[in-house]
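So that the names make sense, note that chain A is the first sequence line, chain B the second, and so on, each numbered from 1.
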Amino acid sequence: MKNVIRSVKGTRDFYPNEMSVRHWLLDAMRDVSLQFGYQEYDGPCVEKIDLYAAKSGEELVKEQSFVFPDRGGELIALRPELTPTLARMIANKQNELIYPLRWWSFGPFWRYERPQRGRSREFFQWNVDLIGTSNVESDAEAVAVAAMFFERVGLKSDKIKIVVNNRRLMDKSLDKIGVPESGRPAVFRLIDKIDKMSTEKWEAYALEIGLTNKQLEGLKTVLSNQSLWEESEELRSFFKAVAWLGVEEYVRFEPQVIRGLDYYTGTVFEGRDEARKFRAIFGGGHYDNLVADVGGNPLPGVGFAMGDVVIQLLLEENGCIPGDVMNPANVLVTVFDENTISESYRTSTLLREAGLKVVTYPQVEKLGKQFKFADKMGIRVVVMAGPEELAVGKVAIKNLLTREQESVGIEQAADFIRSLLAQEIAL
RNA sequence: GUGCCUGUAGCUCAAUGGCAGAGCGCCUCACUGUGGAUGAGGAGGUUGAGGGUUCGAAACCCUUCAGGCACCCCA
């Protein structure tokens with residue numbers, strides 16, 4: 001341990017157990033994406049820095065990206081997010097793509113930040129985008145994709161909520177209380193902080209960034225008005241569509257939601273655990289002009305991104321990750337002695353051909369040890385092909401859960417095992 | 001990038017400047033055709049790394065690395 005070269009700060013090793021959880025998560029994301037007819041895509045993991053300079057929020061690129069010169073001296077960034085790549089890919093083929101397009105992706109991203117719980121320097125992200133329509137029903141669909149994912153992985157709406165706001169509504173509301181456009185970014189940042197600071201500190205901060213007492217009072221009224229959404233045509237239609245999509249129990253209006261990224265223009269939303277124990281689980285929103293920023297014609301769209309780190313913490317905390325996702329096989333075939341080892345391998349082959357996942361114990365060893373191995377690997381069925389069984393053309397099949405054992409003809413073994421496995425699922 | 005906290009066996013943690021330990025886990029045996037229990041035995045440590053103070057350092061000091069908390073930002 002002392003002389004092993006350390007891994008890079010903020011990266012994670014995926015041993016088989018972690019890898020199987022990652023795949024389970026990816027499977028859920030893929031299934032839900034496909035349910036809504038989204039197509040998978042991906043871009044390169046490295047991009048020219050200029051791509052991000054175009055938008056993406058200043059800090060994300062300047063302070064939080066892995067940037068380095070390539071051998072020709074050009075500045076390259078490890079992608080900190082996917083949306084600019086998506087915009088570039090669309091701009092390149094803008095006239096041949098079929099709209100509205102629904103694309104999804106899952107891959108690695110990098111941000112040069114100080115690692116903490118729920119935040120690493122290398123992480124995976126699920127990206128879902130619907131591009132080429134600007135109506136709020138599309139925004140509702142994006143939210144529904146996320147909600148269906150939560151349902152699929154067993155996070156019910158008492159554990160998680162998708163909170164929604166609308167930037168145009170907030171702009172209008174800030175207009176009304178007399179906050180000039182030039183002061184908006186600072187006020188948005190202020191709104192974003194309201195949960196993190198004490199009331200006194202927050203108010204002091206508000207005055208510090210130049211709000212008058214009257215504006216502050218107005219802002220407090222706006223932020224505590226849970227029915228403010230009714231003033232927004234867009235949000236009224238949005239919530240109607242959310243109900244059509246059957247996910248209304250996951251979704252609620254929240255005037256304090258702003259989202260950091262500069263490119264959002266309309267609906268914005270994020271996923272939160274109800275206990276507020278973790279940072280945002282995913283975030284997204286509507287944008288009008290992303291493609292235009294990289295040289296294409298303006299195209300509206302809506303999208304969100306979900307990192308793998310926080311959602312995994314939440315899934316673990318709520319016991320949503322099935323224990324058997326880590327099990328490599330459902331059957332172990334033991335070996336009895338040197339004379340019958342060939343029959344063990346033949347039996348394994350037979351069972352594999354019947355569609356089972358089968359491990360053959362690789363050497364002659366005490367049966368107890370082979371059983372222990374099966375137990376520790378989460379294998380629930382052990383098949384023994386010893387001299388006694390082979391003499392009568394049978395194998396002994398033991399269910400490790402019930403401790404029941406039975407001798408079965410070799411031809412019937414696969415069906416018998418399948419019925420055992422089916423029972424376990426029923427339990 | 002800023003401030004603070006932590007780092008001891010595979011894991012969770014003790015040892016308050018004086019012999020580096022426990023529980024769990026792991027291995028072996030009781031058990032020559034059967035896993036979780038029980039009992040007996042065993043392995044496993046440069047106390048994250050490097051330096052300093054001291055007769056003596058896991059402990060105190062400095063540096064560094066990693067993780068965590070709060071910022072920052074965000075997945």
Side-chain angles (χ1 to χ4, degrees), chain A residues 1-12 15 25 29 56-65 79-83 105-128 146 188-189 192-193 196-197 201 205 258-262 264 270-272 277-285 303-314 332 334-337 340 361 364-390 395-407:
Chain A
M1 179 162 290
K2 31 266 65 139
N3 287 326
V4 176
I5 293 173
R6 289 176 174 280
S7 54
V8 173
K9 180 173 183 153
T11 61
R12 294 165 294 164
Y15 288 85
L25 196 64
M29 290 166 172
S56 272
E58 289 282 292
E59 173 138 4
L60 185 56
V61 188
K62 283 189 181 153
E63 312 286 343
Q64 296 181 353
S65 294
R79 59 181 186 186
E81 60 162 337
L82 192 59
T83 310
S105 184
F106 182 83
F109 295 84
W110 295 266
R111 289 187 193 172
Y112 197 82
E113 292 185 289
R114 189 106 166 232
Q116 263 173 55
R117 189 171 186 76
R119 184 171 73 183
S120 57
R121 286 186 172 183
E122 180 180 61
F123 56 96
F124 289 81
Q125 209 179 55
W126 179 35
N127 279 266
V128 172
F188 280 161
R189 232 170 297 133
D192 202 43
K193 282 184 201 301
K196 295 181 182 171
M197 301 169 94
K201 274 193 176 168
Y205 182 59
I258 285 297
R259 303 302 307 160
L261 291 172
D262 296 342
Y264 294 132
E270 67 183 43
R272 288 179 182 170
K277 193 171 163 184
F278 301 105
R279 59 188 71 233
I281 290 141
F282 76 101
F304 69 82
M306 183 185 299
D308 69 316
V309 184
V310 179
I311 185 67
Q312 238 177 81
L313 289 173
L314 190 64
L332 173 79
T334 62
V335 297
F336 183 72
D337 59 24
T340 58
Y361 203 86
V364 177
E365 190 81 65
K366 280 186 195 167
L367 263 187
K369 203 168 173 185
Q370 300 187 42
F371 269 80
K372 210 166 181 176
F373 173 79
D375 193 42
K376 280 194 286 201
M377 293 301 283
I379 298 171
R380 289 294 164 227
V381 174
V382 173
V383 173
M384 283 155 289
E388 281 177 29
E389 289 80 17
L390 291 172
V395 290
I397 298 174
K398 180 161 180 175
N399 180 343
L400 261 55
L401 278 185
T402 60
R403 315 188 98 178
E404 286 163 1
Q405 183 173 327
E406 202 164 324
S407 278

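Across B/rA37 and B/rG52, the matching P atoms stand 49 Å from one another, rounded to whole Å. Comparing B/rG36 with B/rA30, their P atoms sit 14 Å apart, to the nearest whole Å. Rounded to a whole angstrom, the distance from the P atom of B/rC13 to that of B/rC72 is 30 Å. Straight-line distance between the P atoms of B/rC19 and B/rA15: roughly 14 Å, to the nearest whole Å. Across the C1' atoms, B/rU8 and B/rG23 are found 15 Å apart, a figure rounded to whole Å. For the P atom pair drawn from B/rC61 and B/rG7, the interatomic distance equals 13 Å after rounding to whole Å. Nucleotides B/rC65 and B/rG56 have their C1' atoms positioned 28 Å apart, rounded to a whole Å. To the nearest whole angstrom, the two C1' atoms, one in B/rA20 and one in B/rG45, are 8 Å apart.
Using a 4.0 Å heavy-atom criterion, one finds that A/I281 contacts the sugar-phosphate atoms exclusively. In this structure, A/Q370 reaches neither bases nor backbone, as no heavy-atom distance under 4.0 Å exists between it and the strands shown. As judged by a 4.0 angstrom heavy-atom cut-off over every strand, A/E389 is placed among the base-contacting residues. A/S7 comes within contact range of no nucleotide atom at all, as no heavy-atom separation falls under 4.0 Å. Residue-level contact check: A/A374 touches neither bases nor backbone, having no heavy atom under 4.0 Å from any strand. Residue A/G284 is classed as having no contact, given no heavy-atom separation below 4.0 Å to the nucleic acid. Among the heavy atoms of the strands, none lies under 4.0 Å from A/F124. Within the nucleic acid shown, A/R189 comes within 4.0 Å of sugar-phosphate atoms alone, with no base atom in reach, counting heavy atoms only.
Phosphate contact (OP1/OP2 of B/rU34, side-chain N/O of A/K369, threshold under 4.0 Å): absent. Put simply, A/K398 has no side-chain N or O that comes within less than 4.0 Å of OP1 or OP2 on B/rU34. Residue A/K372 places no side-chain N or O under 4.0 Å from the OP1 or OP2 atom of B/rC31. Put simply, A/K366 has a side-chain N or O that comes within less than 4.0 Å of OP1 or OP2 on B/rC29.
Taking only distance into account, the side chain of A/R279 never meets the base of B/rA75 through a donor-acceptor pair shorter than 3.5 Å. With hydrogens and angles ignored, a donor-acceptor pair closer than 3.5 Å exists between the side chain of A/R403 and the base of B/rG36. For B/rC73, its base sits under 3.5 Å from the side chain of A/R119 at one donor and acceptor pair at least.
Two residues are said to be in side-chain contact when any heavy atoms from C-beta on lie closer than 4.5 Å; A/E365 and A/F373 fail this criterion. Between A/F371 and A/M384, some side-chain heavy-atom pair lies under the 4.5 Å cut-off. With a 4.5 Å cut-off on side-chain heavy atoms, A/Q370 and A/V335 count as touching. Residues A/R12 and A/S120 are in side-chain contact: their nearest non-hydrogen atoms beyond the backbone lie under 4.5 Å apart. A/R79 has its side chain within reach of A/P108: a pair of non-hydrogen atoms, C-beta onward, lies under 4.5 Å apart. Counting heavy atoms from C-beta outward, A/F282 and A/I311 have side chains that stay 4.5 Å or more apart. Side-chain contact between A/L400 and A/I379 is absent, with no heavy-atom pair separated by less than 4.5 Å. Between A/E81 and A/R111, the closest side-chain pair of non-hydrogen atoms falls below 4.5 Å.
The interatomic distance linking A/Q116 (CD) with B/rA70 (P) rounds to 6 Å, in whole Å. Atom pair A/M306:CE and B/rC74:P shows a separation of 18 Å (rounding to whole Å applied). Taking atom CD of residue A/Q125 and atom P of nucleotide B/rC73, one finds them 18 Å apart after rounding to whole Å. One atom, CD of A/Q405, and another, C1' of B/rG35, lie 12 Å apart when rounded to the nearest Å. Distance, A/E113 CD to B/rC73 P: 11 Å, rounded to whole Å. If you measure from atom CE of A/M29 to atom P of B/rA75, you get 14 Å, rounded to the nearest angstrom. In this structure, the OH atom of A/Y361 is 15 Å from the P atom of B/rU34, given to the nearest Å. Here B/rA75 presents its P atom at 11 Å from CZ of A/F282, a figure rounded to the nearest Å.
Residues forming a ring-ring contact (aromatic ring centres under 6.0 Å, His included) with A/Y112 (at least two apart in sequence, or on another chain): A/F66. Partners of A/E113 by salt bridge (charged side-chain N to carboxylate O under 4.0 Å, His left out), not counting sequence neighbours, listed by chain and number: A/R119.
Closest contact between the side chain of A/M384 and the listed nucleotides B/rG33, B/rG3, B/rC74 involves B/rG33. The A/R111 side chain lies nearest to B/rA75 when the options are B/rG35, B/rA75, B/rG1. The side chain of A/S120 sits closest to B/rA75 out of B/rC72, B/rU34, B/rA75. The side chain of A/R117 has B/rC69 as its nearest neighbour among B/rC72, B/rA75, B/rC69. Closest contact between the side chain of A/A396 and the listed nucleotides B/rA75, B/rG33, B/rC27 involves B/rG33. The side chain of A/K193 lies closest to B/rC73 when the candidates are B/rG1, B/rA75, B/rC73.
Toward the 5′ end of RNA chain B lies the nearest nucleotide of A/I379, the other residue of the pair A/D192 and A/I379 mapping further downstream. Mapped onto RNA chain B by nearest heavy atom, A/T11 and A/G118 fall at different nucleotides, with A/T11 at the one closer to the 5' end.
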How does RNA chain B look in dot-bracket form if you count Watson-Crick and G-U pairs under 3.5 Å, write [ ] for pairs that cross, and put | where a base pairs with another strand? (((((((..((((....[..)))).(((((.......))))).....(((((..]....))))))))))))....

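A/F123 qualifies as a stacking partner of the B/rA75 base, centre to centre under 5.5 Å and near-parallel within 30°.
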